[in-house]
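Heads up: the structure comes next, in structure tokens.
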Amino acid sequence: MSERPLIDGFGRRISYVRLSVTDRCDFRCAYCMPLDMAFLPKAEVLTLEELDAVASAFVARGVSRIRLTGGEPLVRKGFLELVQGLSRHIGAGLDELTLTTNGSQLARFAEPLFAAGVRRVNVSLDTLDAARFRQITRTGDLAPVLEGIAAAKAAGLSVKLNMVALKGLNADEIPDMVAWAGDQGFDLTFIETMPLGLIEEDRTDRYLPLTEVRARLEETLTLVDSPERTGGPARYARVAQTGQKLGFITPLTHNFCESCNRVRVTATGTLFMCLGQEDRVELRDLLREGGPAALDAALDRAMQLKPKGHDFVIERREAAPAVSRHMSMTGG
Ligand code: SAM
Ligand code: SF4
């Protein structure tokens, strides 16, 4: 553990960082971003060297897990070089370097990622039906994603699937997804839609509480709650019949903030202390002007800004997003 750990104003130690490496994406998932999403000019996005500097600053302060995300991390040019560089911290402060991906490019990246020390990937997969996949992602194809998932498994990566539960879109497929993930040996986590950034539709139309998902699964399966906690919003259960692990990310129906151990950095270097609040510190210009020392000092200031919790209740907001930035901006 670092001699100078990052402890916030409520005594929570920050050990986990999600770092967005790009705001760009080859998909336009309807719950995530509008079809005509405007992406950032390149000069505003952290360079690969800056991404490395930011990640390394956190590792020096005791962060032991880093998740690279986006946008779609695998569309960022030089992504593999970034991972290869950061892998020097694995076993030297960093316990885990992972990524969340939509899987579209995973077939070509799976082996080199494993070779670079990555052992786990989270792949977002909301449906196993090709037509629905296109409907949800709007620009994506299912086949390359399934190939990518198979390549990840073959390369020795452990795969966790993330499925956003969407009323009227994939709710009826949930038991099939559980069965498929179980056959493949993949953990599966369900996510509720979160009110982040404006999109075309009203999210309340698609909001499916995971209490309902779980109740429906329990009509045929026995789910046993697991005490496992990761400092985030996920709660886990095991399927008694198979031992399969299922996760439920319910930011809207449960409060998880008291044990929160994480912060997020956007592709432009904005450090957000909470996914659902605006408290932030701009790291990019500090780093460009003051170098690593300025960055390190900013982390201490940031700790005093971490809020106690978020306010995400979707019904109370009707269509309005809780925060104006999209998930692809903050990094999911
Ligand atoms: N592009 C990668 C992917 O899709 O896995 C990584 C970034 S994406 C923003 C990370 C996760 O956030 C995905 O699992 C996605 O389904 C989820 N997500 C995006 N917008 C969301 C929203 N408004 N509510 C809940 N989950 C969301
Ligand atoms: Fe892209 Fe991921 Fe957002 Fe879908 S959820 S649009 S894949 S960033």
Side-chain angles (χ1 to χ4, degrees), residues 18-40 67-76 79 98-106 109 120-127 133-142 144-145 148-149 152 159-167 169-170 177 187-210 213 232-234 247-253 262 264-267 272 275-276 310 312 314 317 319-332:
R18 294 197 180 199
L19 176 58
S20 173
V21 302
T22 179
D23 64 320
R24 287 168 195 267
C25 188
D26 49 344
F27 292 1
R28 297 285 185 281
C29 302
Y31 51 75
C32 180
M33 58 171 80
L35 204 48
D36 62 351
M37 181 76 180
F39 295 115
L40 294 165
R67 173 173 299 282
L68 301 174
T69 178
E72 174 47 39
L74 296 180
V75 304
R76 172 77 199 248
F79 178 75
T98 60
L99 63 147
T100 301
T101 173
N102 65 23
S104 69
Q105 318 290 314
L106 195 52
F109 280 103
R120 276 196 323 143
V121 287
N122 283 16
V123 185
S124 303
L125 184 67
D126 298 332
T127 175
F133 190 87
R134 174 53 70 93
Q135 188 189 353
I136 294 171
T137 64
R138 299 190 284 187
T139 57
D141 287 316
L142 177 64
V145 172
I149 291 171
V159 175
K160 192 184 91 183
L161 301 176
N162 286 340
M163 177 181 191
V164 178
L166 299 161
K167 190 157 78 183
L169 270 179
N170 64 5
M177 189 68 94
D187 290 342
L188 171 62
T189 291
F190 301 106
I191 307 177
E192 283 173 349
T193 51
M194 291 178 243
L196 303 174
L198 279 176
I199 54 170
E200 291 92 346
E201 54 185 31
D202 179 350
R203 281 195 179 86
T204 35
D205 293 345
R206 294 286 176 216
Y207 173 56
L208 177 62
L210 293 188
V213 170
F248 296 86
I249 299 190
T250 57
L252 287 93
T253 49
R262 59 197 56 194
R264 295 173 154 85
V265 183
T266 70
F272 278 105
L275 182 60
H310 65 64
F312 260 167
I314 208 164
R317 312 188 163 277
V323 291
S324 56
R325 60 190 188 275
H326 293 92
M327 183 76 126
S328 59
M329 179 70 200
T330 325

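Please read these numbers as outputs of a predicted model, since none were measured by experiment. Residue numbers start at 1 and run along the sequence shown. In listed order, ligands and their atoms are each counted from 1.
Remark: ligand 1 and Tyr31 share an N or O pair separated by less than 3.5 Å (distance only, no angle test). The N/O atoms of Thr69, backbone and side chain alike, include none that comes under 3.5 Å of an N/O atom in ligand 1. Backbone and side-chain nitrogen or oxygen atoms of Glu72 are examined, and one is located within less than 3.5 angstrom of a nitrogen or oxygen of ligand 1. Inclusion of Ser124 in the set of residues having an N or O under 3.5 Å from an N or O of ligand 1 is warranted. For Gly71, a nitrogen or oxygen atom sits less than 3.5 Å from a nitrogen or oxygen atom of ligand 1, counting backbone and side chain alike.
Between Phe133 and Phe27, the ring centre distance stays below 6.0 Å.
Between the side chains of Glu72 and Thr101, a donor-acceptor pair is found at a separation under 3.5 Å. Side-chain contact of Thr100 with Arg67: a donor-acceptor pair under 3.5 Å is present, judged by distance alone.
In terms of protein heavy-atom proximity, atom 3 (Fe) of ligand 2 is closest to Cys32 SG, 2.4 Å. Summary of contacts: the protein heavy atom closest to atom 4 (Fe) of ligand 2 is Cys29 SG, 2.3 Å.
Classification of the Phe190-Phe248 ring pair by plane angle, with boundaries at 30° and 60°, yields tilted.
Between Asn122 and Leu99 there is no side-chain heavy-atom pair separated by less than 4.5 Å. You'll find the side chain of Arg24 stays beyond 4.5 Å of the side chain of Arg76, heavy atoms only.
Annotation for ligand 1: atoms under 4.0 Å from non-hydrogen atoms of Met194 are 22 (C), 23 (N), 24 (N), 25 (C). Residue contact check: Cys32 has heavy atoms under 4.0 Å from atoms 19 (C), 20 (N) of ligand 1. Close approach of ligand 1 to Thr101 is summarised as follows: ligand atoms under 4.0 Å from at least one heavy atom of the residue are 2 (C), 3 (C), 5 (O).
Of the heavy atoms in Thr100, both backbone and side-chain atoms come closer than 4.0 Å to ligand 1.
For Cys25, every N, O or S atom stays at 2.8 Å or more from atom 3 (Fe) of ligand 2.
At least one heavy atom of Glu192 sits less than 4.0 Å from an atom of ligand 1. Not a single heavy atom of Gly103 sits less than 4.0 Å from an atom of ligand 1.
Side-chain N or O atoms of Asn170 include none that pairs as donor or acceptor with a backbone N or O of Thr127 at under 3.5 Å. Without hydrogens or angle criteria, Arg134 side chain to Gly140 main chain gives a donor-acceptor distance under 3.5 Å.
Here the options are Asp141, Asp26, Thr139, Thr137, the test is side-chain hydrogen bond (donor to acceptor under 3.5 Å, both in side chains), and the partner is Ser104; only Asp26 passes.
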